Visitor: 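Below is the structure I would like to discuss, written out as structure tokens.
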Number of protein chains: 2
Amino acid sequence: MAARHEEIAEALRRAIDREDYTVGSLLPPETELAARYGVSRGTVRQAVATLTAEGLIGSRQGARRVVLAGRRSQSFAELRSFAQWARAMGREATGRVITQEWRTATAEDRVRLQLDPGARVLHVLRLRGLDGQPVLLERTVYADWISPAVEHIEADCPSVTQRLLDDTGLVFAYGEHVIDAVAAGARDAELLAVRRTSPLLRVRRVTTTREGRPVEWSDDRYRPDAVSFSVHNSIGNNALARKTAE
Amino acid sequence: MAARHEEIAEALRRAIDREDYTVGSLLPPETELAARYGVSRGTVRQAVATLTAEGLIGSRQGARRVVLAGRRSQSFAELRSFAQWARAMGREATGRVITQEWRTATAEDRVRLQLDPGARVLHVLRLRGLDGQPVLLERTVYADWISPAVEHIEADCPSVTQRLLDDTGLVFAYGEHVIDAVAAGARDAELLAVRRTSPLLRVRRVTTTREGRPVEWSDDRYRPDAVSFSVHNSIGNNALARKTAE
DNA sequence: GTGGAGCACTTGTCTGAACAAGTTGGCCTC
DNA sequence: GAGGCCAACTTGTTCAGACAAGTGCTCCAC
């Protein structure tokens, strides 16, 4: 936390948390906040823009900003790492590799991961749990250039993301997620301890490095009684988009 | 489209669409863009910040911005209105009210919609389709102050959002969405023309006005073979958050 | 050739100022 | 009392400049 605008954003978040500003109430004007924190109006605007993007407050020209949400659905709960997310919630994440094998990249793999023809990719089927309960089945395909580092990670490593960061310095920086629902197959049902045909929440995602290079793509299936997703959107900020089947 | 920074954002979007900048390539430096469009660096930064939030480009201090995604998953495809979204995709939206009735607000209704005890709310069950195929079943509860306007809308109105805007000037400005999966019940199955227990994608949402006042909350169930959702997130921008069951 | 130092380049942060545009509430008129 | 107009307030847009901080490349020494 170096930047002044981040400090101010955090101070405002805490104030909302503390209910200094309750849901539905109005935030002070920018000029007042600028004076209070001893910064220029631009810096305050940067701070409140962050909160607006997070969905905590609403903003429109001419009117004072309004507090939209109170409970801080821990937005630092990173989507990047299952283990980091679990720890942030005070839960313990477990992970276990079920199967792991090398295959030649299919046409779909090559498109999603920007690979050359004939590249060898690593397919990993991993079961993940929260406090001992299985909640997520991941079918992940890793790009050829990162697969060797993934291959030798022990089967019960709780955080692959952290492990890759420590070993190779790799950071998962961007992700594209497509969400739908599927019926559990026989394998899914057995591993997740649900009945066959019971509904699962599916997230297909592609993760890329800071440079924009795809690292992995994955078909993740969650037990919907254990995990859900939440998105905030506003008139000027459409993070979530509806899609039709291709 | 009045603001200069929006024009520049749109110009850059089109350039990425046209593949003037291909996926993985680098965007010109801010100073060069500023010179090209005859604006200050701050205005360019506002434009590229928009594209960064949309997930089209990646940004990090010291390095040139990189193009992350090419295909413009029409991000103006509003999440606010099913009908507007369908039209933007060149599809025809239909809607039909199945049941509609007044009830006294439950405790849950009062919390979600910020209502006083004893308020009367309107429950509407609405089936929506794309090009004649049923794809979405909406169970919506409208706040007492807007329900009278909703009550008299004809049963087959294709766009309730548009209708409320025309009739009352109401704008749906903010939304909080929680996404999971459920098995189709008997009623769901019959109306959506799927087998009972087949998986449905469920979105529970609360919509508010520009002033931050809740208008409606809804349990929407989509046929996952027809509709999915997509979200982009990045290291500094977590629109999507994972949640555990309460 | 390998590693490190250094440098040019690029993005991030912040200021202070000015004007545009939308909102809100009060006042005045009819 | 109802309606409309206006003025104060507040957020949105844009500018020009300065410095901080991270990246990536070249070049040099070993």
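Keep in mind that what you see is a predicted model, and the values were worked out from it rather than measured. The chains referred to below are lettered A, B, ... by the order of the sequence lines, with proteins before strands, and numbering in each begins at 1.
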Visitor: What integer distance in Å separates A:E6:CD from C:dG12:C1'?
Guide: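 Atom-to-atom, A:E6 to C:dG12, this comes out as 10 Å.
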
Visitor: Roughly how many Å is it from CG in A:L33 to C1' in C:dT15, rounded to a whole number?
Guide: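 The answer, rounded to whole Å, is 17 Å.
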
Visitor: In whole angstroms, how far is the P atom of C:dC14 from the CZ atom of A:R4?
Guide: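 For the pair A:R4 CZ and C:dC14 P, the rounded distance is 8 Å.
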
Visitor: Holding to side chain to side chain donor-acceptor pair (under 3.5 Å), I want the full list of residues that pass it with B:R45, two or more places apart in sequence or in another chain.
Guide: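 If we apply the side chain to side chain donor-acceptor pair (under 3.5 Å) test to B:R45, skipping adjacent residues, the hits are B:E30.
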
Visitor: Taking the basic N atoms (NZ, or NE/NH1/NH2) and the acidic carboxylate oxygens, is any pair closer than 4.0 Å for A:E54 and A:R13?
Guide: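 Between A:R13 and A:E54 there is a salt bridge, with a charged N closer than 4.0 Å to a carboxylate O.
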
Visitor: Could you state the NE2-C1' distance from B:H5 to D:dT11, rounded to the nearest angstrom?
Guide: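 My rounded result for the distance is 12 Å.
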
Visitor: I'd like to know if A:R205 pairs up with A:D220 as an ion pair, taking the criterion as any Lys NZ or Arg NE/NH1/NH2 lying under 4.0 Å from an Asp or Glu carboxylate oxygen.
Guide: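 A salt bridge is present here (some side-chain N lies under 4.0 Å from a carboxylate O).
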
Visitor: When you check the phosphate oxygens OP1 and OP2 of D:dG12, does a side-chain N or O of A:S59 lie under 4.0 Å from one of them?
Guide: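 Affirmative; the distance criterion is met.
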
Visitor: Measure from the side-chain heavy atoms of B:P29 and tell me the nearest of C:dT11, D:dC15, C:dT13.
Guide: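 That would be C:dT11.
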
Visitor: With a 4.0 Å heavy-atom cut-off, tell me which residues in residues 41-50 of chain B come close to DNA chain D, sorted by residue number.
Guide: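 Going residue by residue through residues 41-50 of chain B, the ones with a heavy atom under 4.0 Å of DNA chain D turn out to be B:R41, B:T43, B:Q46.
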
Visitor: Compute the ring centroids of B:F229 and A:F229, then answer whether they are less than 6.0 Å apart.
Guide: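 Distance test on ring centres: not under 6.0 Å, no.
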
Visitor: With a 4.0 Å limit, can you tell me whether A:R60 has a side-chain N or O closer than that to the phosphate oxygens OP1/OP2 of D:dT11?
Guide: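 Answer no for this pair, as no side-chain N or O of A:R60 is under 4.0 Å from OP1 or OP2.
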
Visitor: A:G38 or B:A63: which one's nearest nucleotide on DNA chain C is closer to the 5' end?
Guide: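 The residue mapped nearer the 5' terminus is B:A63.
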
Visitor: Considering residues, nucleotides and ligands other than A:Q162, do more than 12 of their heavy atoms fall under 6.0 Å from its CD?
Guide: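 It does: A:Q162 CD has more than 12 such atoms within range.
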
Visitor: Write down the distance between CG (B:L26) and P (C:dT11), rounded to a whole number of angstrom.
Guide: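 To the nearest whole Å, that distance equals 10 Å.
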
Visitor: Is B:R87 paired with B:E92 through a side-chain N to carboxylate O contact shorter than 4.0 Å?
Guide: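 Salt bridge absent between B:E92 and B:R87.
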
